[in-house]
Amino acid sequence: MSVWAVLAAAGSGDRLGADRPKAFARLGDRPLLAESMERLDASGWIDAIVVAAPPGWEEPAILLAEELGCGKVSACVAGGATRGESVRLALAEIPADAAVVLVHDAARPVLDDAVVERVVTALTDGWDGAVPALPVADTVKRVDGERVIETLRRDELRAVQTPQAFLAQVLRDACQGDVSGASDCASLVEARGGRVKVVDGDPRLLKVTDAADLDRVAALL
Ligand code: CTP
Ligand code: MG
């Protein structure tokens with residue numbers, strides 16, 4: 001069974017506001033992308049990696065892989081205008097005989113291999129996909145502008161992270177239609193009636209959105 005990883009790194013990082021795309025912003029003395037690339041490459045669960053790089057940054061992404069000795073990186077493609085489009089473009093580089101595709105955001109650098117193991121090994125018993133998730137600590141309300149519409153039952157809510165794992169063909173099918181509005185891949189699979197399993201997430205899988213997040217993540221390394 002071959003497991004391919006898509007590393008979604010093509011975003012511009014508008015909220016981070018660095019002078020370069022977020023994947024190449026500095027985390028310590030390396031580009032942010034280095035951390036997740038190296039960890040996926042070191043994982044015994046992953047056979048090969050396709051990076052969706054910011055358009056124009058494919059070459060630096062390939063050079064980074066070479067510099068880090070990440071021999072599983074098989075291609076770096078230019079990403080698209082949205083995360084979903086970047087994933088679709090990366091999927092096109094994955095051979096037809098791949099069994100499982102794991103999709104991870106470069107914005108979540110502190111990837112522990114135990115999470116990779118949890119999502120990949122969950123794909124038995126008819127599950128189409130698996131996502132790592134954490135309970136929600138805050139009370140979550142649905143709003144319309146300034147007005148609260150309703151308060152959601154917190155025990156039914158989860159905050160979902162990446163990496164997310166899918167049967168390869170299920171993910172390919174899910175990426176056929178309009179993917180532009182999707183903030184994760186599982187939502188595309190769910191929308192087609194796919195069965196997605198929730199496994200334990202990891203609080204260290206913080207997502208780097210703004211500059212303060214970079215400091216928080218650096219403290220975890
Ligand atoms: N991503 C991508 N292609 C895009 C947009 C996002 O591959 N067109 C990736 C990002 O590189 C990131 C992940 O999807 O690893 C989650 O996106 P987000 O945190 O929103 O990153 P950015 O879109 O880069 O940040 P911002 O929204 O602040 O511009
Ligand atoms: Mg974004």
Side-chain angles (χ1 to χ4, degrees), residues 4-27 30-41 46 49-62 64-65 70 73-94 101-112 115-116 119 129 131-134 159-166 171-172 174-175 177-189 201-202 204-218 220-221:
W4 282 65
V6 167
L7 187 49
S12 53
D14 291 342
R15 288 167 291 178
L16 186 61
D19 61 352
R20 62 195 75 184
K22 182 157 76 181
F24 288 90
R26 294 278 135 182
L27 175 62
R30 310 200 300 176
L32 177 68
L33 175 60
E35 200 62 40
S36 48
M37 186 188 274
E38 202 170 57
R39 289 169 185 245
L40 285 173
D41 193 82
I46 304 293
I49 303 164
V50 177
V51 180
W57 290 77
E58 304 93 299
E59 200 61 40
I62 291 166
L64 179 66
C70 292
V73 174
S74 105
C76 293
V77 299
T82 63
R83 182 188 185 277
E85 283 154 18
S86 295
V87 171
R88 176 160 53 201
L89 290 163
L91 276 178
E93 301 294 319
I94 295 182
V101 176
L102 174 135
V103 183
H104 184 58
D105 288 344
R108 299 185 190 270
V110 192
L111 174 60
D112 192 291
V115 185
V116 176
V119 293
V131 299
L134 296 175
V160 171
Q161 307 172 313
T162 69
Q164 303 185 346
F166 304 93
L171 185 60
R172 279 193 204 98
C175 287
D178 178 15
V179 297
S180 60
S183 63
D184 77 351
C185 293
S187 59
L188 297 168
V189 171
D202 185 335
R204 290 167 298 175
L205 269 172
L206 291 178
K207 188 171 174 193
V208 173
T209 302
D210 58 28
D213 295 330
L214 271 179
D215 297 335
R216 274 184 215 117
V217 163
L220 295 173
L221 295 176

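Every number for a ligand or one of its atoms is a count from 1 in the order of the listing. The chain is numbered in sequence order, starting from 1. Computed from a predicted structure; not experimentally measured.
Residues G79 and A10 share a closest heavy-atom pair of CA-CB, 3.5 Å. Contact record, E93 with V77: CG-CG1, 3.3 Å, taken as the closest heavy-atom pair. Scanning both residues, P163 and L205, for their nearest heavy atoms gives CD-CD1, 4.1 Å.
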Please list every donor-acceptor pair under 3.5 Å in which a side-chain atom of residues 82-89 meets a protein atom from a residue at least two apart or in another chain.
residue	atom	partner	partner atom	Å
T82	OG1	E85	N	3.3
R83	NE	D105	OD1	2.9
R83	NH2	D105	OD1	2.9
E85	OE1	A81	N	3.4
S86	OG	G80	N	3.0
S86	OG	T82	O	3.2
R88	NH1	C175	O	2.7
R88	NH1	Q176	O	3.3
R88	NH1	G177	O	2.9

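Listed by chain and number, residues touching ligand 1 at under 4.0 Å (heavy atoms only) are A8, A9, A10, G11, S12, G13, D14, R15, K22, G80, A81, T82, R83, S86, D105, A106, A107, K207.
In this structure a side-chain-to-backbone donor-acceptor pair under 3.5 Å is present from Q161 to D202.
For the atom pair CG (L7) and SG (C70), the distance works out to 10.0 Å, reported to the nearest 0.5 Å.
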